[in-house]
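Each remark here refers to the structure printed beneath this line.
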Amino acid sequence: IKTVNFVYVGQAEAEYLLTREERDFPSLILDVGYITSEVSLHYGNGILAEYSEDFGGGYLMGHLVGAFDLSLQRTTSGML
């Protein structure tokens, strides 16, 4: 039998971003990715709630390009 350890990315983010004192209060973390965005509510060493939506920065960029008739190359030139 092989043991596999799993750490949820939202929990890892909370442990990295929040101090022990900050974890004594409810904290909301918003992670905006390229394709998806995730919101998680943390308290103590646990996760109270988590929500993921298929709407990240890439979708937003696409909408801005279309709405303002911009070139994709011009819009992404400041990225990275």
Side-chain angles (χ1 to χ4, degrees):
I1 296 176
K2 181 178 179 180
T3 301
V4 176
N5 294 319
F6 173 80
V7 178
Y8 171 63
V9 69
Q11 184 65 29
E13 288 172 340
E15 289 182 17
Y16 179 76
L17 295 171
L18 303 172
T19 65
R20 290 183 186 269
E21 293 78 23
E22 290 172 327
R23 289 186 213 150
D24 288 339
F25 302 95
S27 301
L28 188 71
I29 294 179
L30 173 62
D31 180 0
V32 179
Y34 187 75
I35 299 296
T36 60
S37 296
E38 185 174 291
V39 177
S40 50
L41 180 62
H42 300 264
Y43 181 67
N45 289 322
I47 300 170
L48 298 177
E50 181 272 331
Y51 178 75
S52 183
E53 183 67 39
D54 292 336
F55 190 84
Y59 287 111
L60 180 59
M61 186 77 64
H63 289 298
L64 291 173
V65 166
F68 295 105
D69 196 29
L70 302 170
S71 72
L72 187 57
Q73 183 180 8
R74 181 175 180 189
T75 337
T76 57
S77 63
M79 297 177 75
L80 301 176

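Position 1 is the first residue of the sequence, and the numbers go up from there.
Looking at Glu13, its side chain never comes within 3.5 Å of a backbone N or O of Leu18 through a donor-acceptor pair.
Considering every non-hydrogen atom in both Tyr43 and Asp24, the closest pair reads CE1-O, 3.2 Å. Closest heavy-atom contact between Glu22 and Leu17: OE1-O, 3.8 Å. Smallest separation of non-hydrogen atoms from Ser37 and Gly56: OG-CA, 3.6 Å. In plain terms, the two heavy atoms of Thr36 and Ser52 that are nearest each other are CB-OG, 4.4 Å.
Both Val39 and Leu41 belong to a common hydrophobic cluster when Ile, Leu, Val, Met, Phe, Trp and Tyr are linked at side-chain heavy-atom distances under 4.5 angstrom. Both Leu48 and Leu28 belong to a single network of hydrophobic side chains, linked directly or stepwise wherever heavy atoms of I, L, V, M, F, W or Y lie under 4.5 Å apart. Placement of Val32 and Met61 in two distinct hydrophobic clusters is found when ILVMFWY residues are connected by side-chain heavy-atom separations under 4.5 Å, directly or transitively.
Once rounded to the nearest 0.5 Å, the distance linking OH of Tyr51 with CG of Leu30 reads 12.5 Å. To the nearest 0.5 Å, atom OH of residue Tyr8 and atom CD of residue Glu15 are 13.0 Å apart.
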Derivation and outcome, side-chain contact (heavy atoms from CB on, under 4.5 Å), residues Val7 and Asn5: CA-CA 7 Å; Val7 178; Asn5 294 319; 5.8 Å; no
Test Arg23 against His42 for side-chain contact (heavy atoms from CB on, under 4.5 Å), laying out the working first. CA-CA 7 Å; Arg23 289 186 213 150; His42 300 264; over 6 Å; no
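Residues forming a side chain to side chain contact (heavy atoms under 4.5 Å, CB included) with Phe68 (at least two apart in sequence, or on another chain): Leu64, Leu70.
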